[in-house]
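This report refers to the structure that appears directly beneath it.
We use all heavy atoms of the structure for the numbers below, so side chains are in, but hydrogens, waters and symmetry mates are not.
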Number of protein chains: 2
Amino acid sequence: MIDEKTARENVIRAADELFYAHGVQAVGMDAVRTAAGVSLKRIYSLFASKDELIVAVLHHRTETWDNGLAGAAERATTARERILTIFDFLDGWFREPDFRGCAFINAHGELGASSSAVTGAVRAQKQAFQEYVARLVADAGAPPALAPQLAILAEGAQTTAAISGTPDAARHARAAAETLLDAAARVRG
Amino acid sequence: MIDEKTARENVIRAADELFYAHGVQAVGMDAVRTAAGVSLKRIYSLFASKDELIVAVLHHRTETWDNGLAGAAERATTARERILTIFDFLDGWFREPDFRGCAFINAHGELGASSSAVTGAVRAQKQAFQEYVARLVADAGAPPALAPQLAILAEGAQTTAAISGTPDAARHARAAAETLLDAAARVRG
DNA sequence: TTGCGCGGAGAACGATCGTTCTCTACTGTA
DNA sequence: TACAGTAGAGAACGATCGTTCTCCGCGCAA
């Protein structure tokens, strides 16, 4: 038998892929069982309900996102460059063939009205991203008001890329971010 | 009996409110029937399927959105101001108690993977908005590259406001738009 | 070898959904 | 009054979903 940790990971990874590709409600637990290779009984011993599995998947997505962001930031030497790597990271993501928008935004649109657990997980992720941007903005010595503006650019790029089906939004958002950074630098001195 | 036009309007209006408040998949046709006061048989004589009703609702939302945007723009005298009224319009919308994000983004996240008709309607609306912004940018004599940047700000403000539950994003996006407009004017001379 | 406990496969259950069908009541005409 | 046509109310149908239950087979102690 597979040990509990591996089984958990298999279920979350399979559910993540299916939920992201088809939407949460369009994927039945049977499909998760088949994809994960873990029996339904086992799944329900690991997660009390589908709702709990959804939240676990969102937490897993948060880690993936954070790691991707941190990995992209490593290539930068200055705080300003580190901010711009956010949009380079988005650009690479948008070009992945199975890109289908931000899983958190999608989950919120689909379940936000009915599941407060989902709303909480999504809100926590977005707030963490806001704080990440705020740290970078502070490191760059830019005014704090710049942070939510950059975060809004990143959010808008994600929905625009998802709906349009092209990765152009990353480039546009990056250009806007540069303009905002330049303007902030000009004001500062 | 209600005439066909009124029945159609009643169904679309009822479905729009329910879909927006609870999500499309969470609302059954029975609930639409009850809210619209139109029998199921009649609904299915007006719309071949739920999918067709969803698309009709999205078209109705497009008109509402266009009218709201045009109404806000009327108050402006210059092209630059007309661009900024977009964010004033968003601000007012975000403050409505039943605001729950952009219906098109929500519908795309929920059904975009399974219904190409929904994807098409959503994509058409977003493209129309992009073109609207592009016209205003041209009227303002700003470089065309500014248009997608402003549109991305508007999209990002909508998702940020929906998830955070506060209307602050409209103010932040407006400030960013002003900076971008100023920078474009500075370059132009 | 025998008995036991546990896990896998998937059938079963109750609820709900989109869609269709049945039955009844009403309208207008001769 | 008798009749044809239509629309409303909601029951019915088949499918699907989340969740639970049953049955079977395998590994291990004595």
Practice item. Could you tell me whether a side-chain N or O of Asn106(B) sits under 3.5 Å from a main-chain N or O of Arg100(B), the two making a donor and an acceptor? Key: yes
Review point. Quick one: His22(B) NE2 to dT16(C) P, roughly how many Å, whole number?
Key: 15 Å
Check your understanding: With a 6.0 Å cut-off on ring centres, are Trp65(B) and Phe104(B) close enough?
Key -> no
Check your understanding: Contact class for Val27(B) vs. all strands (heavy atom < 4.0 Å): base, sugar-phosphate, or nothing?
Key -> sugar-phosphate
Check your understanding: Tell me: CZ of Arg42(A) to P of dT19(D), nearest whole Å?
Key -> 18 Å
Revision key, fill the gap. From NZ of Lys50(A) across to P of dA15(C) the rounded distance in Å is 19 Å
Check your understanding: Do Thr85(B) side-chain atoms and Arg82(B) backbone N/O form a donor-acceptor pair below 3.5 Å?
Key -> yes
Check your understanding: Quick one: Asp30(A) CG to dG8(C) P, roughly how many Å, whole number?
Key -> 15 Å
Exercise for review: Would you mind reading off the distance between Leu40(B) atom CG and dT6(D) atom P, rounded to a whole angstrom?
Suggested key: 20 Å
**Study point:** Side chain Gln127(A), main chain Arg123(A), donor-acceptor under 3.5 Å
**Key:** no
Review point. Can you tell me how far P of dG18(D) sits from CZ of Phe19(A), to the nearest Å?
Key: 8 Å
**Study point:** Protein-nucleotide distance (Lys41(B), atom NZ; dG8(D), atom P), rounded to Å
**Key:** 8 Å
Point to revise | Any Arg33(A) side-chain N or O less than 4.0 Å from OP1/OP2 of dA9(C) | key: no
Exercise for review: Nearest whole angstrom, please: distance from the P of dG14(C) to the CE of Met29(A).
Suggested key: 20 Å
